[in-house]
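First comes the structure, then the notes that go with it.
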Amino acid sequence: MSRVEIRISGFGGQGVILAGIILGRAAALHDGKDATLTQSFGPEARGGACSAQVVLSRERNLYPCVIRPDILVVMSQPAYEKHIGEVGAGALVLYEENLVDPVDLPKECQAYGIPATRFAEDIGRKMVLNIIMLGFVTALSDVVSAQAVKKAVAESVPRGTQRLNEDAFNRGYTYGLSLKKKNDEAE
Amino acid sequence: MSRVEIRISGFGGQGVILAGIILGRAAALHDGKDATLTQSFGPEARGGACSAQVVLSRERNLYPCVIRPDILVVMSQPAYEKHIGEVGAGALVLYEENLVDPVDLPKECQAYGIPATRFAEDIGRKMVLNIIMLGFVTALSDVVSAQAVKKAVAESVPRGTQRLNEDAFNRGYTYGLSLKKKNDEAE
Amino acid sequence: MAVERRTSRRKSRGELFIDCERCKGCGFCVEFCPTQVLAMGEKLNRKGYHTPVIVDLEVCTGCDLCGLYCPDFAIHAVRVKIEAGEAKECDNGG
Amino acid sequence: MAVERRTSRRKSRGELFIDCERCKGCGFCVEFCPTQVLAMGEKLNRKGYHTPVIVDLEVCTGCDLCGLYCPDFAIHAVRVKIEAGEAKECDNGG
Amino acid sequence: MKNQHINPVEPYLRMDRMPHIWCPGCGIGIVVNCFVRALNQSGIDPDLVSIISGIGCTGRIAGYLKLDSFHTTHGRPIPFATGLKVARPELKVLVFSGEGDLVSIGGNHLIHAARRNSDIKVFCVNNFTYAMTGGQVGPTAPIHSIATTTPYGSYDRPFNLPFLADSTGAVYVARWTTYHVRQLTRSMVEAINKPGFCFVEIIAPCPTIYQRRNRLGDGLEAMRYYKRYSRVINGANTRMVGLELKGPIIVGKFIDRDRSTLLEAMNEEFSSKLGARYQPYPTGVVR
Amino acid sequence: MKNQHINPVEPYLRMDRMPHIWCPGCGIGIVVNCFVRALNQSGIDPDLVSIISGIGCTGRIAGYLKLDSFHTTHGRPIPFATGLKVARPELKVLVFSGEGDLVSIGGNHLIHAARRNSDIKVFCVNNFTYAMTGGQVGPTAPIHSIATTTPYGSYDRPFNLPFLADSTGAVYVARWTTYHVRQLTRSMVEAINKPGFCFVEIIAPCPTIYQRRNRLGDGLEAMRYYKRYSRVINGANTRMVGLELKGPIIVGKFIDRDRSTLLEAMNEEFSSKLGARYQPYPTGVVR
Amino acid sequence: MGADPQGVLTGVHFLDGDHACCEGAIAAGCRAAFGYPITPSTEIVERIALRLPLVGGVFVQMEDEIASSIAIQGAAWGGKKVITVTSGPGMSLMMEHVGLAAMTETPCVFVNVQRGGPSTGLPTLPAQGDMMQARWGSHGDYEIIAISPNSPQECFDLTVHAFNLSERYRVPVLIMMDESVGHMTERVTIPHAEQIEVESRRLPEGPKEEYLPFAPGENLVPPMAPVGEGYRFHVTGLTHNEKGYPVMSPDVQDHLVRRLLDKIRLNAEDIAMVEEDQIQDADVVLVAYGITSRVVLRTLHLAREKGLKVGVFRPVVVWPFPEKRLRELAERVKAFVVVELNYGQVVLEVERIVGGRVPTVLVPHGGGALHNPEDILRVVEEAW
Amino acid sequence: MGADPQGVLTGVHFLDGDHACCEGAIAAGCRAAFGYPITPSTEIVERIALRLPLVGGVFVQMEDEIASSIAIQGAAWGGKKVITVTSGPGMSLMMEHVGLAAMTETPCVFVNVQRGGPSTGLPTLPAQGDMMQARWGSHGDYEIIAISPNSPQECFDLTVHAFNLSERYRVPVLIMMDESVGHMTERVTIPHAEQIEVESRRLPEGPKEEYLPFAPGENLVPPMAPVGEGYRFHVTGLTHNEKGYPVMSPDVQDHLVRRLLDKIRLNAEDIAMVEEDQIQDADVVLVAYGITSRVVLRTLHLAREKGLKVGVFRPVVVWPFPEKRLRELAERVKAFVVVELNYGQVVLEVERIVGGRVPTVLVPHGGGALHNPEDILRVVEEAW
Ligand SMILES: Cc1ncc(C[n+]2csc(CCOP(=O)(O)OP(=O)(O)O)c2C)c(N)n1
Ligand SMILES: Cc1ncc(C[n+]2csc(CCOP(=O)(O)OP(=O)(O)O)c2C)c(N)n1
Ligand code: SF4
Ligand code: SF4
Ligand code: SF4
Ligand code: SF4
Ligand code: SF4
Ligand code: SF4
Ligand SMILES: [Mg+2]
Ligand SMILES: [Mg+2]
């Protein structure tokens, strides 16, 4: 892995940026990688387009932008439509399946959906959507260790919600692993 | 007269600038000359150093500064001390004699004093000091016509004070003429 | 505080319009409808919000308080003569 | 409104200091001296202002109201034991 | 059959800009609803209405209303409005903005416009925080409230806006919450039709920021709170209507008095001094 | 024998800058006199006193007082003072400036500092005009007064400063004229010694500009007017003490109340939330 | 189009620059003004306050410069020609709104009667220290026009011109006077109204619903509708599309801001205004603007007396700088001597344009007085 | 001197630039901060509000930017190290007080996290459009120092450095971040307190009565007494003599303002901070600062892959511009390509310094996003 580009994208209010921060933090502080997180968001506090870019590398990474994401995580239809054109062959596309309909998916990439909103409602807090997605990403990619991400989640969420978030992570992670397994079997 | 430089200087509140404006106006509007008035003053509303420079010429005058006044009119000791060094041979120095002690007067210049403050008090309004001085200047120099200055005075002073100011002008003018005569006789 | 139903159903009743894709699920319309015409639904729209459903159109007076309260201009009502009208509920299943 | 003279001349009286060159002739000291010690003078100082003169030092109490009122810090007074002091008037004839 | 009958606010909205940026349960949309109804009721030709906003979540109102509308700079809608009004006295010039915009950075303009009785109407959405920038403490934030810049609780005494407007000279002062849609609409009509500087405070939920940070629930909980804890006292002494974090909310029309507007006063003064040389300036006020 | 005994104000003045720029009969010098006496009476170590001014004739006070002194920008002495005070709470931070500086361009700072109860003392010389710039209309100019920018008479309603300070939160509010030298001195002592935002309005003659333009005579006539038309009403309702061009002048100590200062309130809030993690910040206030 | 005669004080006057500027504004059709006093610009608003009520205009003294600088914009959208007036410290406070006017293409005129700076500086004395601020003082990329008169007559003439440019380009125009010109009194001839060329606002044509308030028109400038006429347009300081709606995208930003710059940059030749003196055979060219352009005439005179071939190049419109003409000169003269009442501002632009072809020398002056022409001469002689 | 350990969060963190800047300030000894929120700088004051109370400092959220920018100056004279934080529109409002700080030689740090402009522009998106404003935004002649970090680590390091320069030169220092760096999160290593070099204020020596608060000391910088210690000094934004007294004369103006400029201009080499990449053999040099200096590294990489001899010149301290070094380079390279997130600001200075020796090409960008490195490469190839 010389350089991995990840984009997480959705609405404002879904915790997109925090997901990026946790991912970057896991890599930078617990996996010993170089990580750069950049964000782009609009003026809306809720509901606007919002996206976090994470670039991971072994060496010091200076160019901070994501141009051709290796991993695209999308949590809204507009985000999907805006960014799906960026991915290239071999990219991993992960999406929230209640919110995204992955139309015109490029053939050369692997795509997995997760009903994370429903999972979040099950867990009882809609706001853990992003952590579920993180678990999902962790399971289906191999750019960060689950260990590192779990640590980073615990460090990043409000005191008193650690347990809840751990559950959320696990829910996404397990679901991801199961899909992976299914896929591996299918192949 | 290609170019005549005049400096009128005193305290803020003595009407120094107005005197300059009237002189310039007389020349520019009633004597058909080119006149440029510039002013310099400090932050004080009353009592600070204050000076008006008038440059008169037949042609359009572009350089606006007074460097070597042909006529220096001073109404305070500090003004006298500050500017007396500027005058050259043949210059005319006119001063208010209650307020200025013309020490170290350059020999090459002609100097005349006038007790204008007293005159003003006689007339009953201290504020006409500047107009008295104007009359004095008009009498002793020949750069503007008495006619023109009188007109300019009338146009420039507050309505209802025209008469008072005309008196003031005449007082200074007459006094000036008498000194001139005396001087001419002496020569 | 029970809300009394005082719909003068004789003369007029309400015709309701709901645009579920505009709705953000705040619940104001449901809460402040004086006759409890509405309830929050189960379905999610494309943005992931639950949207209101009509539970008792009969009692709707067309007062448009729901419209006044809706911060997203997603619902409104008109008063119609007794015979006219019908509820226009969200039709895209979002 | 006549000002009553209530100088307890027994114990103390005033010593007055006037710096005529600082004075701008506003007349406040003259006006508000409770015992009318001062009057505006005829002479002009170097800036052309009339300055106060002492007309009745005897009645000065040294209350320094003149000092408090003088916007130009040109006059002030001190209270002195009965024997001491003398007025310091403007001495440069300005 | 959706939209066979369009929402009555739509003709007044720039529908090509929908959906708006406001969060779920945000009170600002309700203010827009009330305003559109008020505009209808006021009988004013909408072409003659200008909307002026500053910067903030509330400030976005100008951009959504399909009227001549100006989204100016942060804190400055009031002097912009004064400029526009004196240039075109026949217009109704209405300011919609947040309490941070109008009272913090814009406080000086507010008090001077009130003093001059500039003939503009100010609708101030008070959500107790700088919402658009993510929830810093604002000039009306109740003591002990949590904001990003008062993470341990705020301690500056907040302004009581009706009192501030009243004491600096507004001729019409009212306060409502977004729960009080009918009364708010009526106050808007009154303000629009009244000459002079009118100030209407509108307490509105900001669920995303203010409510959340202060554990006050979502928008709906806020609305229920308003319903439950508001007390209508028309004519209340404005000095007494200050707010606390979890206290009662006194609402009502507090002030309604008459005084020459800026332009009327100018005309009176100039006419009395200049007589026939002075051609009275139009004031836009029909008394 | 001149100056054998020096004027008691001299040790507090930068004598190397005399004569000052103020006009004959200007009231500002009297304010300086009173302040120097007040400082003496207050018992404060002058080394611990800082003087902050804005720009204007009054703003020149800072430059003449031989204390740590700051002549800042027009309208901004109050926030400078707040900055200095919170940095060095043991200091007495005193603002001297004109009503144009403090209430027109600086109005927002005034109301917010009062609201926060910033522990600074504001001595506002009100001469009803922007004197330094030659006499434009100011925020306290009585209606019908003539100024260079209201050549036909002013028409904007002026602020009533004690009411403005009171209504925005000042804990001490008084008004005197330069005729009331003893009372003014006493108010200055009280303000200096009182914690919190204190506001003293000082009505002062500007013979060169305001008096002259309005044909109100010279400084002496103004002082006689003050003497004759002032009415001392301590505790007066500040709403009632507005001024007119040739009306009576109500003077007195209007407000004197207690409230936590900015830093005290901060300490209370932080201590209650942070407990031992919080080391109370010095407030400079000895209660 | 000629001026509205009601506002034109036709005749020969003895006026200072400040007053002449006021008359220029009124002659140009200005009927709304907002201001806050500050030395040495105050005389302008004072005269405006006296004059506007008599010609159907309105002046409001605002609470501060920030208010003034945005009140004019409200009035401009109300259809008026507008002005505000200030000096250095006030100009600094207006900077946010210069940017707003540039962004919203609001025609308006700002006058800065420059005094000694920085900060409060020398309030009653001249300087030319705000020239770069005029160009760069607000955040972000934008263009303005800055004009620098050197006499009361020009204060009249160029103020009229400033209003015309402001309307033509929908851009804030800054009249960069200085204390010396502002307080200089000379003969000022005000022509008959019909002899004064006054440009009026270009209004949109076509159906109101299709009006695009920010779509490029002639010279890239959109026509401007006034409020209250049913156009129902939106104006924002945010990045916006041609409809005036905020759009937060780099493309819209590029489209918009590039046009804002280009409407000035590409029309620079139309805007440029230069005065040259004895430049034909000049070896050394004195570059100066505003009051200093009169001071260097004395140096020119002294130099020519000594047989030195000196010329004068005066940008009357300083921003955009008359780059093309200067570049031509740089091809043939031996040196440029830039004379400014500051420590080097416009000289940087001259140096950049001259691009090392010939030496560029600065004669700086901190302000508070004008240059001594003989000091300048000395530098000229050294430049030989 | 080392830093006060109380404020130093020694360790390895994953921080964004805004937060790192806050930590830098606290590590540098900043104990008083004043601010007013504005995107995208707000996170700095938010963290300050959280952190300062725990380390004995004080933060006050003021009513606006004008108040913030002068409250810091009151606090600075009270002896504190101070900061205020804003973005474009707020910076425009602070301009009068940047001038005041320059004039009164008040050490203070301003942070401008740049966003798209002009006016409200693109509040949440990056730009570098305020660079010339930083240099010229206030009226009159003055000098400041402007530093442009390109990573969260530098936001920490250079903020410490900014405080040091501010104290050393008694000058306002502007940290010119941008949205991209401010919201970029990376690993930030905060060293032990004693490893952080912190300069403290130079206090006067000698008798208090003789203290001249504005007499040149080391490097032309006067030592600075705090208030409350009996110095009884006077500070004014008016032109003042060495005692601090206002004096309205051209001579005093010249003496004062020249020194204010010279203390920066003559010490430019001490202040300069430059980063160079593969410059030794470079034919074409990319000039970029802040976030853009990271973007061009990609171009550098692409170009070198193609065998093009490209180098990078990055002024870390942008103002004063590292003129000397650039002039040296201009003697031997073939072209400069200046890459900025604006439509041409620092490029003007580069062009001026290069003086036509070799071509200088701008790659502009209106902001809202970063340059595409391949677009830059195309320009580089053309420059060949
Ligand atoms: C000069 C300037 N300073 C600061 C900002 C940042 N800013 C934008 S909106 C806002 C606060 C808005 O608060 P409020 O007015 O209460 O509106 P709300 O978002 O709460 O509706 C601030 C500080 C700005 N845009 N311009
Ligand atoms: C930003 C700015 N605007 C305007 C001015 C000009 N100015 C200086 S003093 C002043 C008014 C002073 O009036 P006031 O505060 O009442 O003081 P006074 O002179 O009457 O004592 C003004 C407008 C300035 N110096 N700075
Ligand atoms: S119109 Fe709306 S609020 Fe009124 S009764 Fe019908 S549903 Fe309820
Ligand atoms: S009020 Fe509007 S947004 Fe809220 S739930 Fe009802 S329809 Fe949806
Ligand atoms: S001290 Fe002054 S005021 Fe008092 S009595 Fe003597 S002269 Fe009069
Ligand atoms: S009060 Fe002072 S200035 Fe006035 S007359 Fe008396 S001594 Fe002179
Ligand atoms: S942040 Fe608050 S005020 Fe802004 S749109 Fe969301 S809820 Fe409304
Ligand atoms: S102008 Fe007025 S306020 Fe200023 S010094 Fe003179 S009298 Fe005093
Ligand atoms: Mg708000
Ligand atoms: Mg005043």
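Chain letters run A, B, ... following the sequence lines, proteins first and then strands; every chain starts at 1. Please read all numbers here as calculations on a predicted model, not as lab measurements.
- Side-chain atoms of F/D218 do not come within 3.5 Å of backbone N or O of D/C26 as any donor-acceptor pair.
- Comparing D/G25, D/G67, D/A77 by how many heavy-atom pairs each has under 4.5 Å with chain F, the most go to D/G67.
- Using a 4.5 Å cut-off between heavy atoms, F/C26 touches chain D through its backbone atoms (N, CA, C, O) alone.
- Residues D/H76 and F/P8 share a closest heavy-atom pair of CD2-CD, 3.5 Å.
- Taking CZ of D/F28 as the reference point, atom OG1 of F/T178 lies at 6.5 Å (rounded to 0.5 Å).
- Residue F/V181 touches chain D through both its backbone and its side chain, counting heavy-atom pairs closer than 4.5 Å.
- Counting non-hydrogen atoms of neighbouring residues, nucleotides and ligands closer than 6.0 angstrom, the CD atom of F/E244 reaches no more than 12 such neighbours.
- The aromatic rings of D/F32 and F/Y179 are tilted relative to each other, their planes meeting at an angle between 30° and 60°.
- Taking 4.5 Å as the limit, every side-chain heavy atom of D/M40 sits out of range of all side-chain heavy atoms of F/L220.
- The greatest number of non-hydrogen atom pairs below 4.5 Å with chain D, out of F/M223, F/M18, F/R182, is found for F/M223.
- Counting heavy atoms from C-beta on, the side chains of D/F73 and F/M15 never come closer than 4.5 Å.
- Residue F/R228 places its CZ atom among 12 or fewer non-hydrogen atoms of other residues, nucleotides or ligands, all under 6.0 Å distant.
- Within the 4.5 angstrom heavy-atom criterion, only side-chain atoms of D/V78, from C-beta onward, approach chain F.
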Requested in this report: Go through the steps to decide whether F/N7 and D/F17 satisfy the test side chain to side chain contact (heavy atoms under 4.5 Å, CB included), and finish with yes or no.
Outcome: CA-CA 8 Å; F/N7 190 320; D/F17 302 85; over 6 Å; no
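- Here the closest heavy-atom approach between residue D/L68 and residue F/I30 is recorded as O-CG2, 3.6 Å.
- For the pair D/D72 (side chain) and F/G29 (backbone), a donor-acceptor distance under 3.5 Å is absent.
- By the 4.5 Å heavy-atom criterion applied to side chains, F/W22 and D/P71 are not counted as neighbours.
- Interface residue F/L13: only side-chain heavy atoms are found under 4.5 Å from chain D.
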